[in-house]
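Report on the structure given below.
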Amino acid sequence: MAKLVSKTYGDALFELALESGNMEALFDEAKALLPVVRKNKDLTKMMNHPKIVKEEKQKIIEDIFRGRVSKEMIGLMTMLIVKGHYNDLSDVLAYFIDRVKEYKKIGTATVTSAMELSLAQRDAIRRKLLETTDYVQFEMNYKVDASLIGGVVIRVGDRVVDGSVKNRLTRLASELSKTKLQVS
């Protein structure tokens, strides 16, 4: 259900941004608002409290955000309140951000390596990703996981390229377990 809510409202915000020519501003606003919404659990509790009427919740949102975010973003938040989905605001914003990134051909890659990568290695990976995908830009995230032993694991969306030594050893062990030994 939450996925349907985030898609429905995220798509609506995307279409509004597209039609109004306000894509960049709403994208920046959503990126700034998302961590605020995620960190402010008290506001979410208040917006979900059954004893506070929807009109009061709308007034609270308008008082907090008027002058800080666009009328479109306030409209989204009040619509979610009216429909009883304010709890899904962070999912809606995250979906919208991802949708805009796809539209702008901005990929997000997570690169996990056994040890810290040098700047040259990071740049080489980014360039290779740009050459081998349809993206024109990448947001790169780097992690270190010593259990990989060596190599890298690169994740872009739901695609994973696992070039780690750990993965190679696992595949080799699997192949060896299938092989029957012949004794002469």
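- Atom NZ of K104 is surrounded by more than 12 heavy atoms from other residues, nucleotides or ligands within 6.0 Å.
- Under the 3.5 Å distance criterion, the side-chain polar atoms of N40 are left unmatched by any main-chain donor or acceptor of V36.
- The shortest distance between side-chain heavy atoms of F27 and I97 falls below 4.5 Å.
- T8 places no side-chain N or O within donor-acceptor distance of the main-chain N or O of V5, the cut-off being under 3.5 Å.
- Looking only at distances, a side-chain donor or acceptor of Q121 sits under 3.5 Å from a matching main-chain atom of S118.
- By the rule that hydrophobic residues join a cluster once side-chain heavy atoms approach within less than 4.5 Å of another member, I52 and M79 end up as members of one cluster.
- Nearest heavy atom pair, residue R68 against residue I64, reads NH1-O, 2.5 Å.
- Separating the NZ atom in K45 from the CG atom in D42 is a distance of 5.5 Å, to the nearest 0.5 Å.
- Under the 4.5 Å side-chain heavy-atom criterion for grouping Ile, Leu, Val, Met, Phe, Trp and Tyr, V161 is not connected to V144 through any hydrophobic cluster.
- Taking 4.5 Å as the limit, every side-chain heavy atom of L80 sits out of range of all side-chain heavy atoms of M47.
- Pairing each heavy atom of G150 with each of A114, the nearest pair is N-CB, 3.6 Å.
- No donor-acceptor pair under 3.5 Å is formed between the side chain of K105 and the backbone N or O of E102.
- Partner D162 forms a side chain to side chain contact (heavy atoms under 4.5 Å, CB included) with one of V153, T170, I154, V152 and no other, that one being V153.
- Taking CG of D145 as the reference point, atom CD1 of I149 lies at 10.0 Å (rounded to 0.5 Å).
- Between the side chain of K57 and the backbone N or O of H49, at least one donor-acceptor pair lies under 3.5 Å.
- Between H85 and Y9, the ring planes are tilted. Angles from 30° to 60° get that label.
- Between F65 and M73 there is no side-chain heavy-atom pair separated by less than 4.5 Å.
- Remark: S177 OG to L172 CG distance equals 10.0 Å, nearest 0.5 Å.
- The two atoms that bring L93 and A30 nearest to each other are CD2-CB, 4.1 Å, heavy atoms only.
- No more than 12 heavy atoms of other residues, nucleotides or ligands sit less than 6.0 Å from atom CG of D134.
- Using modelled atom types, no side-chain atom of K101 and backbone atom of I106 make a donor-acceptor pair closer than 3.5 Å.
- Tracing side-chain contacts under 4.5 Å through hydrophobic residues (I, L, V, M, F, W, Y), one reaches L18 starting from V92; they form part of the same cluster.
- Separation of atoms CD (Q58) and OG1 (T78) is listed at 5.5 Å; rounding is to 0.5 Å.
- Interatomic distance, CG of L89 versus CZ of R38, reported as 10.0 Å (0.5 Å rounding).
- Contact record, F138 with T108: CD2-N, 4.0 Å, taken as the closest heavy-atom pair.
- With a 4.5 Å cut-off on side-chain heavy atoms, E15 and R99 count as touching.
- Between L76 and F96 there is no side-chain heavy-atom pair separated by less than 4.5 Å.
- Linking ILVMFWY side-chain heavy atoms closer than 4.5 Å, directly or via other members, places Y86 and V82 in two distinct hydrophobic clusters.
- A donor-acceptor contact under 3.5 angstrom links the side chains of E29 and S70, judged on distance only.
- Atoms CZ and CD1, from R66 and I61 in turn, are 11.5 Å apart once rounded to the nearest 0.5 Å.
- By the 4.5 Å heavy-atom criterion applied to side chains, M77 and L33 are counted as neighbours.
- Under a 4.0 Å N-O distance rule, the pair R122/E116 qualifies as a salt bridge.
- N22 and A25 make their closest contact through OD1-CB, 3.2 Å (heavy atoms, listed as atom of the first residue, atom of the second, distance).
- Residues V69 and M46 share a single hydrophobic cluster, defined by chaining ILVMFWY side chains whose heavy atoms lie under 4.5 Å apart.
- Looking only at side-chain heavy atoms (C-beta outward), D88 and Y95 stay at 4.5 Å or farther from each other.
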